[in-house]
Amino acid sequence: MLRQFKHHHRIVIAAPLLNFNISARLKDYIDNIMIARSVFRYTASGSEGLMTDNYRVLYLQSSGSIYTNNDRYAPLEFSNFYLKALFENIMGFDHYFIARSQGTDL
């Protein structure tokens, strides 16, 4: 799984927002690819991403409600911040993009 992930420089994740977070399946996948010395390494100043050769990820997120209006639910939706931090800050991806399909239950 890790070899396949590292081979592709363009990653597309299509997933729904579940209870303000990513799905358990997506979390399980991430847990299986977040391997030290493969996608990141530990240094004296903190972790350093190893996926720096023009890697990009696009997160296609669907949700029943709208989470970009800065209303009471916006701070609860942290899946975007979590994935952005993992891909850019931890793994070292060059770009992280999100496209949202929101309000599907409204």
[atom1]/[X] to [atom2]/[Y] distance, rounded to the nearest 0.5 angstrom?
X: Lys27; Y: Met34; atom1: NZ; atom2: CE; answer: 9.0 Å
X: Ile11; Y: Met91; atom1: CD1; atom2: CE; answer: 9.0 Å
X: Ile33; Y: Ile35; atom1: CD1; atom2: CD1; answer: 8.5 Å
X: Leu17; Y: Asn19; atom1: CG; atom2: CG; answer: 8.0 Å
X: Ser65; Y: Phe20; atom1: OG; atom2: CZ; answer: 8.0 Å
X: Ile30; Y: Ile90; atom1: CD1; atom2: CD1; answer: 12.0 Å

_Per the side chain to side chain donor-acceptor pair (under 3.5 Å) rule, what does the pair list look like for residues 91-100, sequence neighbours excluded?_
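Applying side chain to side chain donor-acceptor pair (under 3.5 Å) to every pair that reaches into residues 91-100, excluding sequence neighbours, yields Gln61-Arg100, Glu77-Arg100, Asn80-Tyr96.
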*Does anything in residues 34-44 pair up under side chain to side chain donor-acceptor pair (under 3.5 Å), and if so which pairs, sequence neighbours excluded?*
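Listed once each, the pairs are Arg41-Glu48, Thr43-Ser45.
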State plainly whether one hydrophobic cluster holds both [X] and [Y], where clusters connect Ile, Leu, Val, Met, Phe, Trp and Tyr through side-chain heavy atoms under 4.5 angstrom apart.
X: Tyr29; Y: Val12; result: no
X: Leu50; Y: Phe5; result: no
X: Leu2; Y: Leu26; result: yes
X: Tyr67; Y: Tyr82; result: no
X: Phe97; Y: Leu83; result: no

Mark yes when over 12 heavy atoms from residues, nucleotides or ligands other than [X] sit less than 6.0 Å from its [atom1]; otherwise mark no.
X: Asp71; atom1: CG; value: yes
X: His7; atom1: NE2; value: no
X: Arg72; atom1: CZ; value: no

*What are the two closest non-hydrogen atoms of Ile13 and Val57, and how far apart are they?*
CD1-CG2, 4.0 Å
*How close do Ser79 and Ile22 get, heavy atom to heavy atom, and via which atoms?*
CB-CG2, 3.6 Å
_salt bridge (charged side-chain N to carboxylate O under 4.0 Å, His left out) partners of residues 61-70, not counting sequence neighbours, each pair once_ = none
*Tell me the salt bridge (charged side-chain N to carboxylate O under 4.0 Å, His left out) pairs involving residues 50-69, sequence neighbours left out?*
none
*Check ring-ring contact (aromatic ring centres under 6.0 Å, His included) between Tyr59 and all other residues, then give those that pass, not counting sequence neighbours.*
none
*List in chain and number order the residues that pass ring-ring contact (aromatic ring centres under 6.0 Å, His included) with Tyr55, two or more places apart in sequence or in another chain; answer none if no residue qualifies.*
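So Tyr55 forms a ring-ring contact (aromatic ring centres under 6.0 Å, His included) with His9, Phe93.
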